[in-house]
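Just follow the structure's listing: the first ligand is 1, and inside any ligand the first atom is 1.
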Amino acid sequence: MAFLQASTYGKDNVKFLKVQKDKQNPKKHNVLEATVRVLLLGNFDVSYTDADNSPIVPTDTVKNTILVEAKRIDVFPIERFAAHLAKHFVDKYSWVSGVDVHISQHKWSKYLVDGKLHDHSFVKNGEEIRVTDLKYLRSGELTFTSGLKDLTVLKSTGSMFYGYNVCDYTTLKPVTDRILSTDVDATWKWDSKKISSLADIFRLAESGVFDTTFETALSITLKRFALENSASVQATMYNMAEDILKVANYVETVSYALPNKHYFLIDLKFQGEDNDNELFYPSPHPNGLIKCTVGRTPKSKL
Ligand SMILES: O=c1[nH]c(=O)c2[nH]c(=O)[nH]c2[nH]1
């Protein structure tokens, strides 16, 4: 005997670029390039257990829906579009009990031409993406986060690592000056008491909370990274999260997942060369990987 214990399905990697035109000046644009995943939850059991496809909303229809709705409604900010898609699927199909939406927004920035941001020309000046994850159940239950990923940073001084546990397996030498580099992956969980419904998301999208919080998290991350004489990745990421919690009122917890991308000092003594933190080898692997979640209240560790 076998029993279906869990299932979900939908379309992943649905891509579009939406041009938002200024009503006063139709040549003045904003663009949103997005990658979307929508997974449906609900009573699709017979499609797995009895090869009965009748309840299946085809993944092709899911893809069409994402694209049609992207044309019809305002996709800025991505949090609003995620909430709109969740509402659409739950409202339209009575047997859908929940929707899991993930949206990544790719970076396109306007650039200066003759001292003025050009109306419709953009530069890709970074690989970082803005993301949101929204899981909505028909019962009203909402799990909602946003974040920032693939922001690659490096500092060539102002980072230390010493005072760690030393045992018979330790070869690492303590350092008071090293290179620190990482690909920032930051996630902030929205406060479920302040944002408890899709209606709250639609309202807060209008007030700009999602954009402001993203800009705040980005600038705090970059500022802390630059200004702090880092004792460790652990200490710096905690400080970044604490800084965000101080100012982002709608955020309940902040999580970071940071690879420690090692740069090793190259030994040039065979040529009589002193290497005073000037020439490093960018080690492709392995890397450290350090994660934490910081909240406003103590919580038992997982
Ligand atoms: O900031 C660091 N944290 C660690 O846990 C660690 N471990 C290590 O080898 N180097 C580093 N650096």
Whether W188 and F214 hold their rings parallel, tilted or perpendicular, with breakpoints at 30° and 60°: tilted

Yes or no on side-chain hydrogen bond (donor to acceptor under 3.5 Å, both in side chains) for K135 and T143, after CA distance, side-chain angles and deciding distance? CA-CA 5 Å; K135 185 170 177 181; T143 316; over 6 Å; no

Can we say R130 and D211 salt-bridge, meaning some charged N sits less than 4.0 Å from an Asp/Glu carboxylate O? yes

Protein heavy-atom partner closest to atom 8 (C) of ligand 1 - residue, atom, separation in Å: F161 CE2, 3.6 Å

Relative to the heavy atoms of Q234, which atoms of ligand 1 are at a distance of less than 4.0 Å? 1 (O), 2 (C), 3 (N), 4 (C), 5 (O)

Measuring from non-hydrogen atoms of R178 to any atom of ligand 1, is the shortest distance under 4.0 Å? yes

Measure the shortest side-chain to side-chain distance between E69 and V75 over non-hydrogen atoms and say whether it is less than 4.5 angstrom. no

Can you name the closest pair of heavy atoms from V294 and L245 and give their distance? O-CD1, 3.5 Å

Check each atom of ligand 1 against the heavy atoms of I290 and keep those under 4.0 Å away; list them by number with element. 3 (N)

Any idea which atoms of ligand 1 are less than 4.0 Å away from a heavy-atom of S232? 1 (O)

So which heavy atom on S255 is nearest to which on T293, and how close? OG-OG1, 2.7 Å

Checking contacts here: is it the side chain or the backbone of V233 that comes within 4.0 Å of ligand 1, counting heavy atoms only? Could be both or neither. both

For L172, the atoms of ligand 1 under 4.0 Å from one of its heavy atoms are 8 (C), 9 (O)

Taking both backbone and side-chain atoms of N260, is any N or O found less than 3.5 Å from an N or O belonging to ligand 1? yes

